[in-house]
Amino acid sequence: MLATLKELDWDFKDSRQSKGLHSIHPYPAKFIPQIPSQIIDTLGCPDGVILDPFCGSGTALCVAQSKGYESIGVDLNPIACLISRVKTTPLSTDFVDAYHHALQVAVELEVDVSSLSNIPNIDHWFKKEIQIEVLKLKTAIGLYRDNTVIFDALRAALSSIIVKVSNQDSDTRYAAIDKNISPQKVYSLFENSCINLSQNLIDFDGVSSSIIINKDILKVSKDDIPKKVGLLVTSPPYPNAYEYWLYHKYRMWWLDFDPQSVKKSEIGARAHFFKRNHHTAEDFFHQMKGTLSLANDVLIDSAYAAFVVGRSKIHGEVIDNAQLIIDGAEELGFNIIGRFDRNMNSNRKSFNLSHANIKKETIVVVQKK
Ligand SMILES: C[S@@+](CC[C@H](N)C(=O)[O-])C[C@H]1O[C@@H](n2cnc3c(N)ncnc32)[C@H](O)[C@@H]1O
């Protein structure tokens, strides 16, 4: 198996991440869909469902679905779960009526922005006139609260435009600048996002179901996973690299989630590495061992688990995260199939993290005995 895996091209140099379904919402450190696709084709899932315990924006779940597999995704971040649910659930043309209606209702509404005072530094990150229009849209979307599929899709569309209409320079640059966004732009961006959702999700053959669980993976028990798992494929968070809670902080505030509680449990978040008694590689080892222990409970015998992970730098020391996953798997009695590296496309903006310098990733494959 290792020889077969190593022979394949894993670099996908000319790939673009965000096309079609994968472009409906920004997400940091997304899988290129070709990676889970090649993993699924090579390792197979003869029985049971495909599990991604850190599903993020649901790339692996969508790929599984496109190949006719049922899937289960887990993520701590509620924005990740919202995107994953939306990407794996077909829409009907009712969605088109709904977003037109929401737009019509929103422009007529009167709102009181003092209800936004719970959002820290709101005036620094959003101009008053923008706050008013986003709140109007949010209020109009609330009319669809009882129709979960449409409500989720409308909220995902709103979430996808939050950074664009804010004063934040870009998704990856946290500086406030004047972007000259007009209040009307809020509506045209929202409408474009809804059109993108319609184009990708109406008449889409998402027949294989996908279950999304919004939970800290270290608190998920085997009883939370309702089906036996035939393949695990994931790209875990790792120390001192991306901060998913920070990337989605204002999206979470606007959609009534709590970014601070997400930050607390987020594996690898930089805050955990810059405090007294800070986290170390040892913490990551235990977090991955916890995840593997759950995998051991839910995987069928002889099923594979593939982890795609980069290296970390913690206070100057380079940490081989792939080896920590292998060590945890070995202690739990998995067969270690092996590890191999892939080169990453360094032009991709979301990967240019100066503190992490991520140029290579390692694919680790283990097998339940
Ligand atoms: C590398 S990203 C996954 C990206 C995904 N492969 C995609 O294509 O979008 C890692 C994910 O782990 C999630 N995560 C971090 N800590 C977690 C925890 N304790 N439990 C569950 N998920 C967690 C983050 O929210 C993030 O979405």
Side-chain angles (χ1 to χ4, degrees), residues 12 15 17-19 21-37 39-40 50-65 71-88 156 171 210 212-221 224-225 232-249 251-252 257 259 261-273 279 283-284 286-295 306-312 321 325 344 348 350-351 353 356 358 361-363:
F12 302 109
S15 71
Q17 255 179 328
S18 283
K19 280 196 302 199
L21 189 53
H22 301 293
S23 71
I24 64 154
H25 195 293
Y27 207 88
K30 277 198 275 206
F31 261 145
I32 313 169
Q34 288 92 330
I35 295 178
S37 178
I39 289 174
I40 295 170
I50 294 180
L51 170 69
D52 184 344
F54 302 104
C55 67
S57 64
T59 316
L61 311 178
C62 296
V63 171
Q65 203 169 41
S71 58
I72 300 176
V74 180
D75 206 287
L76 169 73
N77 195 304
I79 301 294
C81 293
L82 175 68
I83 306 169
S84 290
R85 279 199 306 275
V86 170
K87 280 168 70 175
T88 52
D171 266 317
S210 193
I212 315 294
I213 302 169
N214 185 192
K215 212 164 168 181
D216 177 352
I217 194 68
L218 301 174
K219 300 209 168 108
V220 173
S221 77
D224 293 318
I225 308 289
L232 181 153
V233 44
T234 199
S235 55
Y238 49 91
N240 215 357
Y242 293 94
E243 299 221 73
Y244 305 92
W245 76 273
L246 182 62
Y247 188 95
H248 293 313
K249 183 165 144 186
R251 296 187 174 103
M252 286 191 262
F257 299 118
S261 74
V262 175
K263 176 183 176 184
K264 251 194 226 145
S265 305
E266 184 171 296
I267 294 173
R270 279 166 64 74
H272 306 314
F273 293 87
H279 282 194
D283 292 276
F284 183 68
H286 288 295
Q287 288 158 338
M288 288 302 108
K289 194 172 165 195
T291 307
L292 281 155
S293 165
L294 172 70
F307 291 76
V308 183
V309 69
R311 285 166 200 265
S312 298
N321 294 317
I325 293 174
M344 297 177 66
R348 281 225 309 272
S350 65
F351 282 101
L353 283 179
I358 303 165
E361 279 179 329
T362 303
I363 302 174

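For ligands, and for the atoms within them, numbers begin at 1 and follow the listed sequence.
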side-chain contact (heavy atoms from CB on, under 4.5 Å) between Ile79 and Val262, worked out: CA-CA 11 Å; Ile79 301 294; Val262 175; over 6 Å; no
Among Val220, Asp52, Thr291, the one residue meeting side-chain contact (heavy atoms from CB on, under 4.5 Å) with Val74: Val220
What protein heavy atom is closest to atom 3 (C) of ligand 1, reported as residue, atom name and distance in Å? Phe54 O, 3.4 Å
Applying side-chain contact (heavy atoms from CB on, under 4.5 Å) to His286 and Asp283, what does each step give before you reach the verdict? CA-CA 5 Å; His286 288 295; Asp283 292 276; 6.0 Å; no
Judging by distance only, is a nitrogen or oxygen of Ile267 under 3.5 angstrom from one on ligand 1? yes
Going by heavy atoms, is Leu218 under 4.0 Å from ligand 1? no
Among Tyr242, Tyr247, Tyr244, closest by any non-hydrogen atom to atom 1 (C) of ligand 1: Tyr244
Quick one: which ligand 1 atoms are inside 4.0 Å of a heavy atom on Asp216? 18 (C), 19 (N), 20 (N)
Evaluate Tyr247 against Asn77 for side-chain contact (heavy atoms from CB on, under 4.5 Å), listing each step before the verdict. CA-CA 11 Å; Tyr247 188 95; Asn77 195 304; over 6 Å; no
Could you find the nearest protein heavy atom to atom 8 (O) of ligand 1 and give me its residue, atom name and distance? Thr59 OG1, 2.6 Å
Counting from 1 in the order shown, the ligand 1 atoms closer than 4.0 Å to a non-hydrogen atom of Ile217 are 18 (C), 20 (N), 21 (C)
What pair of heavy atoms forms the shortest contact from His22 to Lys87, and how long is it? ND1-NZ, 3.2 Å
Taking atom types as modelled and ignoring hydrogens, do the side chains of Ser312 and Asn321 form a donor-acceptor contact shorter than 3.5 angstrom? yes
Taking NZ, NE, NH1 and NH2 as the nitrogens, is one of them in Asp216 or Lys264 under 4.0 Å from a carboxylate oxygen of the other? no
Please answer whether the main-chain N or O of Ile267 pairs with a side-chain N or O of His279 as donor and acceptor at a distance below 3.5 Å. no
Quick one: OG on Ser84 to CG on Leu61, what's the gap to the nearest 0.5 Å? 5.5 Å
For ligand 1, which atoms have a heavy atom of Lys215 less than 4.0 angstrom away? 20 (N), 21 (C)
Val74 to ligand 1, any heavy atom closer than 4.0 Å: no
Report yes or no: does Asn214 contribute a side-chain atom to a donor-acceptor pair with the main-chain N or O of Leu76 at less than 3.5 Å? yes
Looking at OG1 of Thr88 and CD of Gln65, how far apart are the two atoms once the value is rounded to the nearest 0.5 Å? 5.5 Å
Nearest non-hydrogen protein atom, atom 25 (O) of ligand 1: Asp75 OD1, 2.7 Å
Taking atom CD1 of Ile35 and atom OG of Ser37, what is their separation to the nearest 0.5 Å? 10.5 Å
Evaluate Lys30 for polar contact with ligand 1, using N/O atom pairs at a separation under 3.5 Å. no
Which one holds for Cys55 and ligand 1: side chain close, backbone close, both close, or neither close, with close meaning a heavy atom under 4.0 Å? backbone
Is there a nitrogen or oxygen of Phe31 sitting under 3.5 Å from a nitrogen or oxygen of ligand 1? yes
Tell me the protein heavy atom at minimum distance from atom 9 (O) of ligand 1, and give that distance in Å. Ser57 OG, 2.7 Å
In ligand 1, the atoms that come under 4.0 Å of a heavy atom of Pro237 are 10 (C), 12 (O), 14 (N), 15 (C), 16 (N)
Can you sort out which atoms of ligand 1 are near Tyr27, meaning under 4.0 Å from one of its heavy atoms? 9 (O), 25 (O), 26 (C), 27 (O)
Would you mind listing which atoms of ligand 1 come within a distance below 4.0 Å of any non-hydrogen atom of Asn77? 25 (O)
Test item, Gln287 contacting ligand 1 (heavy atom, 4.0 angstrom): no
Tell me the protein heavy atom at minimum distance from atom 6 (N) of ligand 1, and give that distance in Å. Ser235 OG, 2.9 Å
On the 0 to 90° scale, with breaks at 30° and 60°, tag the Tyr27-Tyr244 ring pair as parallel, tilted or perpendicular. parallel
By number and element, which atoms of ligand 1 are closer than 4.0 Å to a non-hydrogen atom of Ser265? 19 (N)
Heavy-atom nearest neighbour in the protein, as seen from atom 4 (C) of ligand 1, with distance rounded to 0.1 Å: Ala29 O, 3.6 Å
So if I count the atoms of ligand 1 from 1 in the order they appear, which ones are less than 4.0 Å from some heavy atom of Glu266? 15 (C), 16 (N)
Taking the side chain from Lys30 and the backbone from Thr59, do they hold a donor-acceptor pair closer than 3.5 Å? no
Among all protein non-hydrogen atoms, which one is nearest to atom 22 (N) of ligand 1, and what is the separation to 0.1 Å? Leu76 N, 3.2 Å
